[in-house]
Structure formats: structure tokens, C-alpha cells
*Asks:* 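This is the structure I want to talk about, given as C-alpha cells.
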Amino acid sequence: MVDYRIDDLARAAGTTVRNVRVYQDRELLPPPRREGRTAIYSDAHLVRLRLIINMLERGYAFAQIKEMIVAWESGRSLGEVLGLEEVVGASWADEEPRAVTVGELRKKFGKQFSPSNIKRSIELGLLERRGRSFVSPSPQLLDAGAELVSLGVPLNEVLDLAEQLQKDIDHVAEILVEVVRKHVLTRPVPSDDEIPYYSDVLQRLRPLVMSALNAAAARSAERVIPGVLGDKLVELLVNTGKPGEAS
DNA sequence: ATTCTTACA
DNA sequence: TGTAAGCA
């Protein structure tokens, strides 16, 4: 474990002793360990200090940085901090696998519920065999698919879509995670006092990726749907769809 | 010699 | 954010 005196810490982070003291007074930096009269900082402090400086450079005010840190420490996800949770709804957080009967699947997919489509769904991980019936690892995905089918999209193409979506999302998620790994989790083997921080980051990675994907998808949908369907059609659909809420 | 606190600009 | 005085 590497210790720093205040001067070492300031140098390592590329700031001044004075500023470190200010951040400390403002409670942006956790209280250092005390050895007699002098303050001893750890790598965790350095990581935090770099975060503070980074946010300052990006124009955040002290109060905002503190909010972030408090939220972080109280164990809330970044999504919650940014208020995305309300937009997303709790549904994105976690979903439980659900048992689905053959009868249910028949009802949802009608005569397109064929052995070959079942086989493909299983290959794609959309369904799992449980003896005579099935389990859906992601009921949301299943429902979304069922809705497309009920709208008249052939199940074959829905499965094509699911496969493509899976690949694309995997790719994007990998990029996000890799960026975090590269810039935040910089050590292959964290030191003892970094371990809490690392596990914190890992724990937040999942909700973080989901928030990011959701936000990006929402923006993308707004841009792409009118382009594909044509502005007039969308306008018509929006106005007739929710008469009460249409602006 | 260095750090810490307080205070002022 | 920098600087200074007085202290441990």
C-alpha cells in the first residue's frame, strides 16, 4: 500500500497542496489518516482527487461534485443520480426468468409457433427447455417479440432481429466496459485499499451500461423512426395514438 | 524542514 | 487559488 504526504498527493494528481486542503475542507476528499499532526493519504485518495480535478475541469461546481460523491457513497447507481431511473422505470433494473407454457406460446405466436422456430429461439437463448414446457430468461424480450408478431411481423424476421440486436448490443456493451477497464480499473491486481473502490465500480457497471444503452436507444429511436416511416405517418400515429396527451 | 491552521486578498 | 504568519 502506497502512502502519500499531502505534497506527494498534490504532485501525483497535478494540483497544489492548497487545493487539496480546500477539497478536504469541502468534504470532497475523504478524511486522511492521521499520524500525529500530519495527514497520510492512500491511493484511494489519489483516485478520488483525480476524479475531482477532472470534474472541475469539465465545469462542474463543488456542490455538484459533492452530490455525485455522496450519491456514489450512499450506494445509488449513476442512473439514479442522473434521474434516468424515472424515465427508464424500474423494469430495466433486473428481470426474473419466467416459466412459459406451451399454451402461452401458442397463444402469443399462433401457427408460427413451429418446431423450427422453437429450435432457433433456444439457440438464440430466448427460450430454455424445461422438460415439457419452457423458461424465458428475459420475459421483456419475449413480450416485445410477441408484440411485433401480433402487429404482423413474421416470427422468422423477429428472430432475425433478436439475433442482430444481440450482436450489436454485445458489441456496444463491450466497448463501454472496455473504456471503463482501460481508464478506471487500471491495475490488473488492485492493492488492498483499492479493492473496495474496484468492487464498487464493478457493481455499478451493469446499471451504468443499461442506463447508457437506454438513453442512447431512446435518442436513436427518436431520430430514426421518423426517418424510416416518414414524418407524416409518425405525426398521424402520434396524434391518433394518445389524443389526450398529444401536444 | 515540513505540515497545519487561520486569515486575507 | 495564492500567500503569509505563527505553531507543532
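Each chain gets a letter, A, B and so on, in the order the sequences are listed, and its residues count up from 1. Every value quoted in this text rests on a predicted model; they were computed, and no experiment measured them.
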*Asks:* At 4.0 Å (heavy atoms only), tell me whether A/Arg21 reaches a base, stays on the sugar-phosphate, or touches nothing.
*Replies:* base
*Asks:* Rounding to an integer number of Å, can you tell me how far A/Gln24 CD sits from B/dC4 C1'?
*Replies:* 10 Å
*Asks:* Could you state the CZ-P distance from A/Arg33 to B/dC4, rounded to the nearest angstrom?
*Replies:* 13 Å
*Asks:* More 5' along DNA chain B: A/Arg18 or A/Arg37, using each one's nearest nucleotide?
*Replies:* A/Arg37
*Asks:* With a 4.0 Å limit, can you tell me whether A/Thr16 has a side-chain N or O closer than that to the phosphate oxygens OP1/OP2 of C/dG2?
*Replies:* yes
*Asks:* Output the rounded distance in Å from CG (A/Leu9) to P (B/dC4).
*Replies:* 11 Å
*Asks:* Calculate the interatomic distance between A/Glu35 atom CD and B/dT3 atom P; express it in whole Å.
*Replies:* 13 Å
*Asks:* Who does C/dA8 pair with, Watson-Crick or G-U, both distances under 3.5 Å?
*Replies:* B/dT2
*Asks:* Answer yes or no: does atom CD of A/Glu123 have more than 12 heavy-atom neighbours from other residues, nucleotides or ligands under 6.0 Å?
*Replies:* yes
*Asks:* Roughly how many Å is it from CZ in A/Arg34 to P in B/dT2, rounded to a whole number?
*Replies:* 19 Å
*Asks:* Report yes if at least one side-chain N or O of A/Arg5 is closer than 4.0 Å to OP1 or OP2 of B/dT3; otherwise report no.
*Replies:* yes
*Asks:* Quickly work out the A/Ile6 CD1 to B/dA1 C1' distance and round it to whole Å.
*Replies:* 16 Å
*Asks:* Check every atom of C/dT1, B/dC4, B/dT3 against the side chain of A/Val22 and return the nucleotide holding the closest atom.
*Replies:* C/dT1
*Asks:* Are A/Asp8 and A/Arg5 close enough, and set up right, to give a salt bridge (charged side-chain N to carboxylate O under 4.0 Å, His left out), and what steps lead you there?
*Replies:* CA-CA 5 Å; A/Asp8 302 328; A/Arg5 284 145 48 250; 2.9 Å; yes
*Asks:* Does atom CZ (A/Phe113) have a neighbourhood of more than 12 heavy atoms from anything else shown, all under 6.0 Å?
*Replies:* yes
*Asks:* Treat each ILVMFWY residue as a node, draw an edge where side-chain heavy atoms are under 4.5 Å apart, and state whether A/Ile40 and A/Val2 are in one component.
*Replies:* no
